[in-house]
Enquirer: 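Can you keep this structure in mind? I'll have questions shortly.
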Amino acid sequence: MADLLVLEFSAPDAASIYHSVNKILGWDGIPAPEDLPAGMVSHVAGESGDKLVVVEVWESQAAQGEFMNSQLGPAFAEANVPQPSRVEWLTYIS
């Protein structure tokens, strides 16, 4: 069973943070299916002013943890991403 991750960030011009991280990861906007990291099923994001919400479906929380440790965490550090205001795991319903 897959897991759904919701990440929410509150920061001035939150969308620019999203684009900065994607650039570091080598993604041009929302990643194409063939560019998704191992274990990621889907990825979408949306913004409203200073609010950014990212929703991802992962094969497992462990797969997301591997991506966080190897790529996303370092990209967050490089882009000076603030701590998320929300991190929530849900059971994905297909």
Enquirer: What's the shortest heavy-atom distance between Ala38 and Trp58, and which atoms?
Expert: O-CZ3, 3.5 Å
Enquirer: Each residue besides Leu4 in its hydrophobic cluster should be listed here, by chain and number; the cluster joins Ile, Leu, Val, Met, Phe, Trp and Tyr at side-chain heavy-atom distances under 4.5 Å.
Expert: Val6, Val41, Val44, Val53, Val55, Val57, Leu90, Tyr92
Enquirer: Can you tell me how far CD of Glu56 sits from CG of Leu7, rounded to the nearest 0.5 angstrom?
Expert: 6.0 Å
Enquirer: Check whether any side-chain heavy atom of Tyr18 lies under 4.5 Å from a side-chain heavy atom of Val54, and answer yes or no.
Expert: yes
Enquirer: What salt bridge (Lys or Arg N to Asp or Glu O under 4.0 Å) pairs are there with at least one residue in residues 58-80, not counting sequence neighbours?
Expert: none
Enquirer: Using the ring-ring contact (aromatic ring centres under 6.0 Å, His included) criterion, which residues pair with Trp27? Sequence neighbours excluded.
Expert: His43
Enquirer: Might you point out which heavy atoms bring Pro12 and Asp50 nearest each other, and give the distance in Å?
Expert: CA-OD1, 3.4 Å
Enquirer: Give a yes or no on whether Ile24 and Phe67 share a hydrophobic cluster (residues Ile, Leu, Val, Met, Phe, Trp, Tyr; joining criterion: side-chain heavy atoms under 4.5 Å apart).
Expert: no
Enquirer: Kindly write out the residues that satisfy side-chain contact (heavy atoms from CB on, under 4.5 Å) with Ser70, not counting sequence neighbours, or none if the list is empty.
Expert: none
Enquirer: Once salt bridge (Lys or Arg N to Asp or Glu O under 4.0 Å) is applied, what residue pairs with a partner in residues 80-89 remain, sequence neighbours excluded?
Expert: Glu8-Arg86, Arg86-Glu88
Enquirer: Can you check side-chain contact (heavy atoms from CB on, under 4.5 Å) on Phe9 and Ile17, steps first, answer last?
Expert: CA-CA 9 Å; Phe9 300 89; Ile17 294 170; over 6 Å; no
Enquirer: With a 4.5 Å cut-off on side-chain heavy-atom distances among I, L, V, M, F, W and Y, is there a chain of contacts connecting Ile93 to Met40?
Expert: no
Enquirer: So, for Asp3 and Ser60, which heavy atoms are closest and what is the spacing to 0.1 Å?
Expert: OD2-CA, 3.6 Å
Enquirer: Tell me the closest heavy-atom pair linking Leu52 and Ala14, and the distance in Å.
Expert: CB-CB, 3.7 Å
Enquirer: Determine whether Gln64 and Trp89 satisfy the following criterion, side-chain contact (heavy atoms from CB on, under 4.5 Å), listing intermediate values before the conclusion.
Expert: CA-CA 11 Å; Gln64 194 278 337; Trp89 283 98; 3.7 Å; yes
Enquirer: Can you run down the salt bridge (Lys or Arg N to Asp or Glu O under 4.0 Å) pairs that involve residues 33-47, sequence neighbours left out, and say none if there aren't any?
Expert: none
